[in-house]
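The structure appears right after this line, and notes come after that.
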Protein chains: 2
Amino acid sequence: MTTEQVATPRPLRKDAARNRELLIEAAREVFARRGLEASLDDVAHHAGLGVGTAYRHFANKYELASALMERTIETIVSSAQQALLVDDPWEGLVAFLEASLAVQTADRGLREVLMGVHDPQKMAQVHDRLFGPISELLHRAQQSGAVREDADTTDLGFINGMMCTVADMAGDSSPDLWRRYLTMCLDGLRPGGTAFPTAALSEPEFRDAMANHKHILTRTTKDTSAGWDGPPAT
Amino acid sequence: MTTEQVATPRPLRKDAARNRELLIEAAREVFARRGLEASLDDVAHHAGLGVGTAYRHFANKYELASALMERTIETIVSSAQQALLVDDPWEGLVAFLEASLAVQTADRGLREVLMGVHDPQKMAQVHDRLFGPISELLHRAQQSGAVREDADTTDLGFINGMMCTVADMAGDSSPDLWRRYLTMCLDGLRPGGTAFPTAALSEPEFRDAMANHKHILTRTTKDTSAGWDGPPAT
DNA sequence: AGAAAGTGGAGTAGGCACCTCCGTATTAGG
DNA sequence: CCTAATACGGAGGTGCCTACTCCACTTTCT
């Protein structure tokens, strides 16, 4: 066992390694700002590299994005577990939502993955890992009397979705506006509120809804096109 | 003043008139269900007619959609005015939101127009007509002590957006779910809630945000494509 | 220095939405 | 009933856009 390394078959040339890093960093920025609708071409240019280079390193944008997101998703899952360790159940719940949303609102690509815009299966996997902890977080808060009894875990899913919308609407100029509306929603979760006129979705219904909505998000492009009375415009 | 009609230059042939109605009806359904992303081709087929027919009657889908939406938007504006006549300010505010959202959640095309997905100008016009009445509705409620003092008219805009998201997420299978979350948000608007950590957007900021978000919504298509590890799939 | 590895970006492929065109069908009315 | 005027249908043209490939050229490694 000397200094030999058996792991890597071919050590990757110096410039190649550097470019790979550049691509990953560029991808992080581009996907965060513009969502997964950005192309590998975009990422390449943002990194100051040619398209060909991007395609040699990553088969397609999903491979690149998938790797990128994995780590961030891990962060969210673990912050749910962290939150369970907070003594005050209400504070734990709030801390989790804030942490999770801080990450999501700063990264449009991540939002798209979590909302299942591109691949329902990927989203489902993530939800599998989050449902348990979040559910517990909620029940703990309910048992302590901090949250109304008729709140459901799926409500937290919808609150999450609503905050993502606020982030999309507000854009980069007011990156923290969601906190205002989260505060509002959380006040609405406290005991003693108005009776709900509609039942929450069950978990399977929620999964179904998430798997089928698609629609939301997509398209930023250079949309020069006019609008209502535009397209033909002879 | 006999039975003579001076108005129409050419009375439109019987079948043509019938088809025109069929198209309008079909457009209403198709745009409501699939949004303005549906093509005139889609509308034509839904009406059981050929594409050519659709294009003879309407220059493009925007002309058709614009006419269609105009009436509905009128409904919303007038329900804001109606709401000002309700004695209890809180009830008036709630009544307006519910009426307005009932219409919006049932019509995806309308939602897109109101959220400015296609044409910021059209949206701006609508907002011009709504801002006054809504603002008054809110201030009245605040003066009566029913709504917290630090709520802002733009908050109602965001609440509206959030409910549209819920409608998109829930889909046709739970068309009324938004009522649950509206209840929650409204409880959060009552006096005595947690202090907001972020200021509301000013009206100009709100308009800016709405004009620039684009992104949201679009694309339903027959997306056969796989997802994360899919596209190439050789 | 020579071979191996990596690069850039014009160009190809393919999909999709919008719209046109014209042979055929329907209607109006003389 | 017959003809002219009007309307219909839908195959296919056009243009746009995105994903991805290919190869002459550059950089690195030994």
Side-chain angles (χ1 to χ4, degrees), chain A residues 8-23 26-27 30-31 34-65 118 218-234, chain B residues 8-23 26-27 30-31 34-65 118 218-234:
Chain A
T8 50
R10 307 265 157 155
L12 203 56
R13 226 172 67 178
K14 201 165 115 192
D15 55 344
R18 181 182 50 88
N19 287 340
R20 175 171 256 269
E21 286 312 305
L22 284 175
L23 282 167
V30 171
F31 290 149
R34 314 227 330 258
L36 293 196
E37 112 136 353
S39 63
L40 254 194
D41 293 43
D42 292 323
V43 173
H45 288 126
H46 191 74
L49 299 172
V51 195
T53 305
Y55 280 95
R56 197 164 332 88
H57 284 283
F58 306 95
N60 53 58
K61 77 175 159 198
Y62 298 103
E63 184 178 314
L64 177 51
H118 303 279
T218 311
R219 179 111 343 155
T220 301
T221 37
K222 36 271 173 184
D223 211 311
T224 326
S225 76
W228 279 79
D229 298 309
T234 318
Chain B
T8 52
R10 305 268 158 157
L12 203 55
R13 227 172 68 178
K14 202 166 114 194
D15 54 344
R18 182 180 49 88
N19 287 340
R20 175 170 255 269
E21 286 313 305
L22 284 176
L23 282 167
V30 170
F31 289 148
R34 314 227 330 258
L36 293 196
E37 112 135 352
S39 63
L40 252 196
D41 294 42
D42 292 323
V43 173
H45 288 126
H46 190 74
L49 298 171
V51 196
T53 304
Y55 279 94
R56 198 163 331 89
H57 284 282
F58 306 96
N60 53 58
K61 76 175 160 198
Y62 298 102
E63 184 178 315
L64 177 50
H118 303 278
T218 311
R219 178 104 354 146
T220 301
T221 36
K222 34 273 173 183
D223 211 310
T224 325
S225 76
W228 281 79
D229 297 309
T234 318

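Note on naming: letters A, B, ... go to the chains in the order of the sequence lines (proteins, then strands), and numbering restarts at 1 for each one. The figures here come from the full heavy-atom set of this structure, side chains too, leaving out hydrogens, waters and symmetry mates.
- In this structure, B:His57 reaches the D:dC8 phosphate: one of its side-chain N or O atoms is under 4.0 Å from OP1 or OP2.
- No side-chain donor-acceptor contact under 3.5 Å links B:Asp41 to the backbone of B:Ala44.
- As a whole-Å value, the separation of A:Leu49 CG from D:dT27 P is 14 Å.
- For the pair B:Leu40 CG and D:dG9 C1', the computed distance is 15 Å after rounding to whole Å.
- Taking atom CZ of residue B:Arg20 and atom C1' of nucleotide D:dT6, one finds them 15 Å apart after rounding to whole Å.
- Contact annotation: B:Asn19 side-chain N/O to D:dA7 OP1/OP2 distance is not under 4.0 Å.
- In this entry the distance linking CG of B:Leu23 with C1' of D:dA7 reads 12 Å, nearest Å.
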Let me have the donor-acceptor pairs involving side chains of residues 49-58 of chain B, under 3.5 Å, with sequence neighbours excluded, atom names and distances please.
none

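- With B:Asn19 contributing its side chain and B:Ala16 its backbone, the two residues share no donor-acceptor pair below 3.5 Å.
- Residue B:His45 contributes atom NE2, which lies 13 Å from atom P of C:dC18 at whole-angstrom precision.
- For the residue pair B:Leu22 and B:Ala47, the shortest heavy atom distance occurs at O-CB, 3.8 Å.
- Taking atom CG on A:Asp42 and atom C1' on D:dA19, their separation rounds to 12 Å, with Å as the unit.
- Residues B:Asp42 and B:Arg34 have side chains in contact (heavy-atom distance under 4.5 Å, counting atoms from C-beta outward).
- Per the geometry, CG belonging to B:Asp41 stands 15 Å off P belonging to D:dG12, to the nearest Å.
- A sub-4.0 Å separation between OP1 or OP2 of C:dA17 and a side-chain N or O of B:Ser39 is absent.
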Practice item. Indicate for each nucleotide in nucleotides 20-30 of chain C, in 5' to 3' sequence, whether protein heavy atoms under 4.0 Å reach the base (B), only the sugar-phosphate (S), or nothing (-). Key: B-----BSS--

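- Side-chain N or O atoms of B:Asp15 include none that pairs as donor or acceptor with a backbone N or O of B:Arg18 at under 3.5 Å.
- Nearest to the side chain of B:Ala16, among D:dC20, C:dC18, D:dA7, sits D:dA7.
- In this structure the side chain of A:Arg20 reaches within 4.5 angstrom of the side chain of A:Leu12, judged on heavy atoms.
- In this structure, CZ of A:Arg34 is placed 12 Å from C1' of D:dT18, rounded to the nearest angstrom.
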